[in-house]
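See below for the structure under consideration.
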Amino acid sequence: MKFDLSNLRGDLTGGLTAGIVALPLALALGVASGLGPMAGIYGAIAVGFFASLLGGTAPQISGPTGPMVVVLAGLFASLSGDPALIFTAVMLAGIFQVVFGFLGVGQYIRLVPYPVISGFMTGIGAIIIILQLGRLLGHEPPGGTLGALGYLPHALANINFITLLLGVGTLVIAYKWPPAIGKYVPGALAALIIGTLAGLAVDVPVLGQIPTGLPSLHLPVFSSEHALLVLEAAFILAVLGAIDSLLTSLVADNLTRSRHDSNKELIGQGIGNTVAGLIGGIAGAGATMRTVVNIRSGGKTRISGMTHSLVLLAIVLGLSPLAAAIPHAVLAGILVKVGLDIVDWSYLKRAHTGPRWDFALMLLVLGLTVFVDLITAVAVGVVLAALAYVRQIAQLQIAQLQELPDSLDEPEENALLKQGDGKINIFSFRGPLSFGAAADVGHHVREKVRPGSQVLILDFSYVPTVDVSAAMAVETVTADAIDAGRELIICSMTDEVKQVLDNINVQQKHISICDTRLAALQLAVSIIDKKKPKSEAVKEELAEA
């Protein structure tokens, strides 16, 4: 495997900064999972290293994340704290993700619309800022966004001005650090170093003693009693991790103007989680905040993510006294800048000029991200966006259906239509005919068919595919035509469309099929001629004579 060394300095500083920022998060999430701080550290090291080495998003930093820890904490409670079974679930989750990657599941995450990504990014930025406000004020707020917001009035009433000054000073340094020097020492790293040195002179909360030591091997354990519970948790972890990682990959793409490999990323994440379970680490995924820290600090290639893991490993192996002196307020200042950088200001400034629905969707996803959780926000956003798209396409299809042509562009076809004398109605469809329009097709054909018409032509010239709902709608149109004594002709179907209609439509035997619209019109005219009363036919013959 070749490594890109063109940005080595930026990758090393980005990885170093991300590693130091990841340290307190890994410790805290390890504790929250119920498995202890070292499980969080080992998970960050394993997932971070192997996801970077083998994954498909070059600057991504992976490690323990909130959604994963929620599942692990629930599993911990369900299994009465049996770590062997929990680590087995983590390994199985990794195997599931590798399978997802080989099956090509990752490509579907790319279909997430921009308003959903924008709301997700802005929501993550808001969460980061909310969680750090209490620490800037000199307190340790409870976990969770709502807990941090609820604690804020108490923190404001009891401000520690030294920590506030230290945190705001760190934030200012990170923002105002000269770009010329930033090429060699990124602003975030400079703020971290200067803030830590300043913190030595005052009494402020610091990270404190960090556990050290190498992990031991944890082989998978299987229990028939808990097998279903472990498998279910492993699958949920795999799905959550896949969504979390690939959304972070989209954020990384947005920041670096690059393109990740979704399926390769899932394989890398899966291998990382499998190794994490083997060494007693908790499951992880692509971490948005840490990825942005890495990119903003200069990281661009997979070396940065691997460096981040090696920094954590070095801290575990003996450099913990140096990291122990980092004040919480300094990290809070850095993270507030990260949060502000993640907020999609460019879209917010011009959102009022775009479609209102897209902006409303963005705000909904933003609110759900902040006050509910990321997975719910994305799921709701994608479903609503998909439904809105289906509705839009359905409206276009129905609008086309409502326009019964009085004339046609082709002279021969137009002459045949005129010869039908209003007794031929042509209904044309545009685009894939799916469930979005299916519910209204029968109604609109029934409503728009002209009195006295004898033949209905359904023109499928521009319909590449139909689904079962659309096929059932055609069956409804067929049944209506039979009841009204009209003939139904379908023309210009693709082989795929014809196969679906043949398989689904039980009324297919009552439908005439033509390869072209011209052939359909010729058949329609012959049908009308056959239905003419003898007296009318004689009159026409005399008129022609």
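We number each residue from 1, following the sequence as shown.
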- [ ] Give a yes-or-no answer on whether the side chains of S304 and N294 include a donor-acceptor pair shorter than 3.5 Å.
- [x] yes
Open item on the list: Quick one, L384 with V380, criterion side-chain contact (heavy atoms from CB on, under 4.5 Å). Give me CA distance, side-chain angles, the key distance, then yes/no.
Closed with: CA-CA 6 Å; L384 289 178; V380 171; 3.7 Å; yes
- [ ] Flag yes if more than 12 heavy atoms outside D409 fall under 6.0 Å of its CG atom; otherwise flag no.
- [x] no
- [ ] Can you measure from CG (L366) to CZ (F359) and round to the nearest 0.5 angstrom?
- [x] 9.0 Å
Open item on the list: Under 3.5 Å, is there a donor on one side chain and an acceptor on the other for T65 and D244?
Closed with: yes
Open item on the list: So, taking the atom named OG in S453 and the one named CD in E487, what distance separates them when rounded to the nearest 0.5 Å?
Closed with: 11.5 Å
Task: side-chain contact (heavy atoms from CB on, under 4.5 Å) assessment of I95 paired with T274 - done: CA-CA 7 Å; I95 293 170; T274 303; 4.1 Å; yes
TODO: Verify whether one side chain among T248 and T288 offers a donor that lies under 3.5 Å from an acceptor in the other.
DONE: yes
Open item on the list: Can you confirm whether F49 sits close enough to V275 that some side-chain heavy atom of one is under 4.5 Å from a side-chain heavy atom of the other?
Closed with: no
Open item on the list: With heavy-atom distances below 4.5 Å as the criterion, would you say the side chains of M362 and Y347 are in contact?
Closed with: yes
Open item on the list: Just so I know, are the side chains of T256 and P59 near enough to count as touching, which here means a heavy-atom distance under 4.5 Å?
Closed with: yes
Open item on the list: If the threshold is 4.0 Å, N to carboxylate O, is there a salt bridge linking R257 and D253?
Closed with: no
TODO: Flag yes if more than 12 heavy atoms outside W345 fall under 6.0 Å of its CH2 atom; otherwise flag no.
DONE: no
Throw together a table of side-chain donor-acceptor distances under 3.5 angstrom for residues 513-527, partners on residues two or more places apart or in other chains.
unit_1: T516; atom_1: OG1; unit_2: A519; atom_2: N; d: 3.1
unit_1: R517; atom_1: NE; unit_2: E413; atom_2: OE1; d: 3.1
unit_1: R517; atom_1: NH1; unit_2: D459; atom_2: OD2; d: 3.4
unit_1: R517; atom_1: NH2; unit_2: E413; atom_2: OE1; d: 3.0
unit_1: S526; atom_1: OG; unit_2: L523; atom_2: O; d: 2.6

TODO: State the CG-CG distance between L229 and L75, to the nearest 0.5 angstrom.
DONE: 5.5 Å
- [ ] List in chain and number order the residues that pass salt bridge (Lys or Arg N to Asp or Glu O under 4.0 Å) with R446, two or more places apart in sequence or in another chain; answer none if no residue qualifies.
- [x] D480
Open item on the list: Do V477 and L488 make a side-chain contact, defined as non-hydrogen atoms from C-beta onward lying under 4.5 Å apart?
Closed with: yes
Task: Verdict with reasoning, I424 to I457, per side-chain contact (heavy atoms from CB on, under 4.5 Å) - done: CA-CA 7 Å; I424 301 174; I457 297 177; 3.8 Å; yes
Open item on the list: Which residue in the set E265, K264, R259 passes side-chain hydrogen bond (donor to acceptor under 3.5 Å, both in side chains) when paired with T57?
Closed with: E265
TODO: For L228, look at atom CG and say whether over 12 heavy atoms of other residues, nucleotides or ligands are found less than 6.0 Å away.
DONE: no
Open item on the list: Assess, by modelled atom type and distance only, whether the side chains of S258 and H260 contain a donor and an acceptor separated by less than 3.5 Å.
Closed with: no
- [ ] Could you check H218 against I279 for side-chain contact (heavy atoms from CB on, under 4.5 Å), going step by step and ending with a plain yes or no?
- [x] CA-CA 6 Å; H218 293 261; I279 65 172; 5.9 Å; no
Open item on the list: Which label fits F235 and F96: parallel for a plane angle under 30°, tilted from 30 to 60°, or perpendicular past 60°?
Closed with: perpendicular
TODO: Working to the nearest 0.5 Å, report the span between CG of L255 and CZ of R296.
DONE: 5.0 Å
Open item on the list: Restricting to non-hydrogen atoms, name the atom on L237 and the atom on A93 that form the minimum distance, rounded to 0.1 Å.
Closed with: CB-CB, 3.7 Å
- [ ] Answer yes if the side chains of Q269 and S62 hold a donor-acceptor pair under 3.5 Å, and no otherwise.
- [x] yes
TODO: Flag the pair Q97 / N273 as yes when at least one side-chain heavy-atom distance between them is below 4.5 Å, and no otherwise.
DONE: yes
Task: CD1 on I61 to OG on S52, rounded to 0.5 Å - done: 5.5 Å
Open item on the list: Are the side chains of F427 and V441 in contact, using a 4.5 Å heavy-atom criterion?
Closed with: no
TODO: Would you give the length of the straight line joining atom OH of Y462 to atom OG of S428, rounded to the nearest 0.5 angstrom?
DONE: 8.5 Å
TODO: Establish, from distance only, whether the side-chain atoms of Y114 and D344 form a donor-acceptor pair under 3.5 Å.
DONE: yes
